[in-house]
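This report refers to the structure that appears directly beneath it.
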Amino acid sequence: MKKQFITLLLIIWATTVVAQNKVIINADSAKTIISKHIYGHFAEHISRVIYDGIYIGENNPEIPNTNGVRNDVIEALKKLNIPNLRWPGGCFADTYHWKDAIGPKSERKAIENLSWGNYREDNSFGTHEFLNLCELLGAEPYLAVNMNSGSVQEAVEWVQYVNHPNGTSYLTDLREKYGRDKPWKVKYWGIGNESWDCGGHMNVEHYINLYKQFATAMTDYFNSKKLFRIAVGPGFPDYNWTEKIMKDIPARRFEGLSIHHYAVNWDHKSSSYEFNDDEYFMIMEKAWFMEEFIIKNSEVMDKYDPKKRVALIVDEWGGWYDPDPRGNGALYQQNTMRDAMIAGITLNIFNNHADRVRMANLAQTVNALQSVILTIDEKMILTPTYHVMEMYKVHQDALLAPVTVMSNDFVRGDKKLQAVSVSASKDQSGKMHISLTNIDNHNDQKVEIALKGFAAKKISGRILTSKNIQDHNNFDNPEKIAPKAFDDASLSGDKIHLTIPANSVVVLELEK
Ligand code: AHR
């Protein structure tokens, strides 16, 4: 009888433990800054990303703009504290010739966009327009150099044109002639893009040799111009590529290594807003893979660079589905609560690996893939992903508080994933923020958080949620999904208790 009673107690205990997710926040061992650059964006010349989505031309009488860039988009991106913007591609960058897109617009060379739909690209948005936009946004530009159809000389001249002081060459004279006297001082330079695919189908040995030529010529021997040069890393689990780069490119020739990972099922992309639970689960599996991809690349990097000098840069990430023809664009897709889940867990992964991941770029800013903004003519909407980026911006340049998470499983058939994802940080004013995402679209999750090394006195929060995982904002109902106050977290001593509703993102703020 006694034995049965103990067994019963054990079962009750086990059920309680399983039912409640447990999180420990180790604020006492915080030592890494989460770079704000993890919250970066990417805008490529694809259909309506640049034209329509960002740039509508200086003479557009219908849509309010600044130098041809939509004011509504500028305002929305500023509210995200957008730290950097990658441009002009992507695959587009792999055939881009920057000189075609400077000078008087009527004299610019129109080209065919070979990567995205073979439409005529009039090059009216070029280097000046992009770099001036970055200034307006307060964002660092991140330029992707064409190392496929472009030459080393072209890259060298681009650096001089945008970065060197007046009077140093015919290039800076030209820059002045075209309306810009002082240099923009671009720090971030990607050398190549997906060189194993649209960037030239190179093998890693070929890429490395070419990279060394570009990286050496673009700056001087000691890199006194302080360019931050980013080498192409893998876009799939090819850790041999990472290994060779780390081994064969001399340390003084590169500062960052980029990887790409999309939450996509290449064999069956399916609709961006009409999908079933199996399709949802599969995308969540792909999204969680980001963590393994970062860990395995970091392990290789640690072998050659234990002091973590080289930054790991995830300069393309996001959900990728079938294009939505209503958006009239090559990669236009709707953005649902599913995308909010991708953003919630991915940004937590980046934060938690901030010792190595020091920049990332969500693909793509407006009207393609996992966009934060969608536009149609003069209308603009903010997507659930926008709201997650906005809620998480509290982590930008904050001190990472390491977390231990014991999560329930999100189960589909015989497969399971971690349901609850968490990251936490302490900002410069001393506030702690904890971001939690529950990807389980059917079950709420009870969470107990134990705080170590932070004596909180006050708690508040915000939540992004909606009944169905397919829910989204559209041009008729633009505010269906927006963050709301979340008052359901209770603080008692060093413990916080809350229930995160199914498919929700919560950000808590704690004050001493
Ligand atoms: O973001 C869309 C495309 O995805 C980019 O052009 C390319 O780099 C990647 O394959």
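Counting starts at 1 for both ligands and their atoms, in listed order.
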task: Answer yes when K244 and D238 have at least one side-chain N-carboxylate O distance shorter than 4.0 Å, and no when they do not.
output: no
Is it possible for you to check whether R326 lies under 6.0 Å from the centre of the six-membered ring of F475, through NZ or CZ, and within 45° of that ring's axis?
no
The answer, listing residues by chain and number that come under 4.0 Å of ligand 1 through any heavy atom, is F42, E44, G90, C91, W116, N193, E194, Y262, E316, W320, L331, Q364, L369
For Y96 and F92, take the angle between the two ring planes, folded into 0 to 90°, and tell me which bin it lands in: parallel under 30, tilted 30 to 60, perpendicular over 60. tilted
State plainly whether the residues K393 and E390 are in salt-bridge range, i.e. N to O under 4.0 Å. yes
**Asked** Is the shortest side-chain N to carboxylate O distance from D302 to K308 below 4.0 Å?
**Response** yes
- [ ] For N352 and N348, indicate whether the former's side chain and the latter's backbone hold a donor-acceptor pair under 3.5 Å.
- [x] yes
